[in-house]
Amino acid sequence: MSIPNPGRIEPVLWDDWHPVAELAALRHGRRLDTGLLGRPLTVTLRADGAIDACSGPHALPHLDTRYGFVWACLGAPVRDIVKFAAADEPDRIPVTGGSMAVAASGLRAVENFLDLGHLGYVHQGYLGEEPHTDIKPYTVGPREGGGIRATGCRVYQPRPSPADTSGYEVDYIYEVHRPYIVVLYKANPVDRTRMDLIALLLQPVSEESCVAHSFMSYPPHDVNEKSVRGFQQLIFGQDRPILENQLPKRLPLDAKAEISVRADSSSAHYRRWLSQLGVRFGAIPQAPA
Amino acid sequence: MIRLYDHELSGNCYKVRLLLSLLGEQYERVPVDLHPIRENRTAWFLALNPHGQVPVLDDSGFVLCESNAILVYLASRPGVPDQWYPRNDVQALGRTARWLEFATRLSGIISAARNHDLMQEQADIGALRSKARSLLRVLDEHLWFTEQAGRGWLAGEAPGVADVACFPWVMLSGEGGIDRLPWPAIARWTDRVKRLPGFVPMSGVFPASPGL
Amino acid sequence: MNRWFAVARGTEVPRRHVGHYLLLGQELAVWRSDSGAINAWENRCPHRGVRLTLGSCEGEELRCRYHAWRFASVSGQCTLIPAHPGQKPASTVRVRVFAAVEHDGFIWVNLAQGESPTAPTRVAHVLDSTRSIFVDAPLYAVRETLLDGYPVDSTASRLAVWSKDAYCLSAGNPDHAALVTFLLQPVTDFQTVIHGALHTTVEETARLARLRRHNAAMGTVRDEAERRAAAATGGGATA
Ligand SMILES: N[C@@H](CCC(=O)N[C@@H](CS)C(=O)NCC(=O)O)C(=O)O
Ligand code: FES
Ligand SMILES: [Fe+2]
């Protein structure tokens with residue numbers, strides 16, 4: 001039986017998979033009361049290891065796990081859960097970075113993740129620092145398989161990862177795979193021919209709230225799971241108050257709603273792509289022309 | 001050698017990091033993973049603190065839990081200026097104890113509200129926010145009259161552990177959905193704390209611009 | 001609405017501090033530049049909408065927390081975009097600013113845009129002021145409660161609405177020789193701030209006691225107004 005969709009949420013979201021819980025957090029026998037696309041959602045780990053999820057009286061028909069998270073689809077899945085090719089390389093080490101609820105649209109969180117200009121300020125001393133604040137031109141275009149891709153992003157970082165104690169100019173690639181799924185690749189500090197993968201998986205709870213789950217995948221060089229997770233929580237903890245203090249809480253898709261500069265090229269492409277895709281949940285749609 | 005068992009996002013750990021930094025103290029941070037693997041519930045950590053909570057301080061083998069106790073200990077060591085824990089001024093000492101108690105009330109309520117908003121934990125969030133509001137009102141009133149009397153700090157003429165104990169939880173109240181707009185005297189006091197030499201922020205707390 | 005409201009005591013907005021205020025539902029970032037100019041700005045950065053009260057005051061400019069764009073005192077014009085430090089920001093990149101002045105010990109704000117705002121009503125001889133009180137009740141309920149029996153210093157005096165300004169209640173004539181004047185700030189439709197101006201002086205030793213007495217009396221007004229407002233909306237009223 002399918003879940004009622006009285007709000008007529010667009011199929012591109014309703015019929016897709018979304019992360020709803022971190023497995024490691026469920027393991028402690030906790031019943032998690034959360035939400036998805038405006039519907040209540042309860043996720044429980046049964047004694048036999050099976051996972052139950054229901055929305056009100058309705059059991060969720062489509063439930064699965066990947067990358068250490070439970071994923072759910074409320075409608076009829078039209079495609080598989082997101083897959084990051086690099087994460088499948090056999091020698092990679094997967095790490096989950098935890099889940100944090102945020103009182104802002106998940107689309108704002110995706111945009112923050114893509115944003116280069118804030119690294120030297122919000123993450124000062126870690127992911128950027130004055131006077132290295134200018135953002136050099138980078139390239140944004142469609143991603144093969146859907147979404148958008150930004151390449152050639154270079155930023156000077158004093159402490160790009162917990163494994164680094166000295167700074168250098170870091171290369172980034174960003175990919176938005178789905179409206180609420182974004183991933184970045186940055187050169188591994190030990191083996192700079194390989195890329196670390198950091199994905200931000202947003203659970204759209206309501207139009208103005210989300211849970212940010214993060215997933216990382218590293219080449220096998222001295223990965224200390226605990227420090228990686230701690231670093232991720234520190235960085236996201238810096239972003240959270242920014243996200244919660246953005247007005248409006250939903251992401252405006254109209255290009256004139258907020259002023260953009262060249263450094264915001266990823267954001268501008270992202271907003272345009274969301275418009276073309278017809279995403280409304282968590283967004284303020286473009287005014288009709 | 002001082003070692004702090006610590007978590008970046010913990011307000012109670014931040015109290016201790018803040019005081020250590022204000023005192024210009026070198027120390028080693030040992031991160032304890034609270035989410036999701038709950039390292040604080042493992043045998044090795046419970047041996048250190050049977051309550052299973054951070055922060056825990058280890059000063060060359062002297063182990064102490066409870067953030068307020070740690071503040072009092074750190075500020076009472078020989079060589080630390082008297083202002084931080086005014087043990088020679090009974091009234092300032094009494095006021096210090098009073099505001100340490102206040103910090104405990106505040107942290108209980110604000111951490112529950114914050115865990116609700118941040119970690120999706122169950123709570124009667126309306127009741128928590130209204131209790132937090134009553135506490136912040138008391139704090140704002142106290143700070144306003146303190147300013148009128150020509151002072152700027154919770155317990156005495158100079159900043160002390162009382163300020164350090166309250167500051168993190170006041171700053172983190174926003175993360176529990178508690179609005180500080182009605183409390184301008186609190187906002188001025190948080191600016192003063194942020195301008196103390198040696199101030200350090202935590203994730204979710206931003207530094208102030210240099211004062212005049 | 002071309003009308004001035006007191007939002008804060010002047011001394012409560014020191015230099016290098018960004019105050020967060022609300023007036024008629026409009027969020028404001030209020031700050032004083034090093035050279036003394038009072039700014040009351042829409043609390044929203046034109047770049048990505050972050051509240052400017054998260055930012056910091058850097059002398060003659062306010063710096064946004066998110067990407068550190070800088071905005072000039074008085075005009076709100078953006079002066080620096082650190083992502084493109086060599087480029088001069090377009091003249092369209094500016095924060096929305098409101099008219100603000102400091103008069104009689106208070107900071108007054110007028111939300112009218114476009115029309116040239118008239119001067120605020122002057123409250124003569126403000127010699128001290130009380131702690132401002134935030135009330136979870138609409139302005140009319142606060143005004144009513146104050147009029148119903150605020151304990152002014154001398155037993156003979158009562159508060160009355162001032163003929164020049166319906167948001168202003170006074171015991172005595174505020175043009176001269178009043179005892180106390182309350183300036184009401186409509187925060188939202190459901191919230192009000194009471195600012196109190198005192199028109200007489202007392203010795204420094206008696207001053208704090210007097211301020212405490214007013215603070216306690218205004219607190220009683222707050223509790224009563226909140227009770228009345230809750231009863232009026234039928235929501236969770238407790239007798
Ligand atoms: N009263 C203690 C409270 C410490 C506390 O609440 N610690 C939290 C982090 S802020 C913690 O370790 N929580 C994990 C748990 O309680 O399981 C203190 O002030 O140190
Ligand atoms: S949001 Fe203010 S500078 Fe970007
Ligand atoms: Fe960020």
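As the structure is a prediction and not an experimental result, all values here were calculated from the model. Chain naming here is simple, since letters A, B, ... match the order of the sequence lines and numbering starts at 1 in each.
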Taking the side chain as every heavy atom from C-beta outward, state whether A/Ile242 and C/Arg65 have any atom pair closer than 4.5 Å. yes
With respect to chain C, which residue among A/Leu251, A/Asn245, A/Leu116 yields the maximal number of heavy-atom pairs within a distance under 4.5 Å? A/Asn245
Decide yes or no for C/Cys64 and A/Tyr121: does some side-chain heavy atom of the first lie under 4.5 Å from some side-chain heavy atom of the second? no
Would A/Glu258 and C/Arg44 pass as an ion pair if we require N to O under 4.0 Å? yes
Okay, side chain of C/Arg48, backbone of A/Ile259: is any donor-acceptor separation there less than 3.5 Å? yes
Check whether any side-chain heavy atom of A/Arg262 lies under 4.5 Å from a side-chain heavy atom of C/Gln87, and answer yes or no. yes
Identify which part of A/Glu130 has an atom lying under 4.5 Å from any heavy atom of chain C, answering side chain, backbone, both or neither. side chain
Tell me whether the count of non-hydrogen atoms from other residues, nucleotides or ligands lying under 6.0 Å of NZ in A/Lys136 goes above 12. yes
Treating A/Thr133 as the side-chain partner and C/Ala83 as the backbone partner, does any N or O pair qualify as donor plus acceptor under 3.5 Å? no
Please indicate whether C/Phe190 has more than 12 foreign heavy atoms, meaning atoms of other residues, nucleotides or ligands, lying under 6.0 Å from its CZ. no
Working for side chain to side chain donor-acceptor pair (under 3.5 Å), residues C/Tyr66 and A/Asn112: CA-CA 10 Å; C/Tyr66 198 178; A/Asn112 166 272; 2.9 Å; yes
Can you tell me which portion of C/Thr92 sits under 4.5 Å from chain A's heavy atoms? Options are side chain, backbone, both or neither. backbone
Heavy atoms of A/Ile135 and C/His84 approach each other most closely as O-CE1, 3.8 Å
What is the minimum heavy-atom distance between A/Pro241 and C/Leu54, and which atoms define it? O-CD2, 4.1 Å
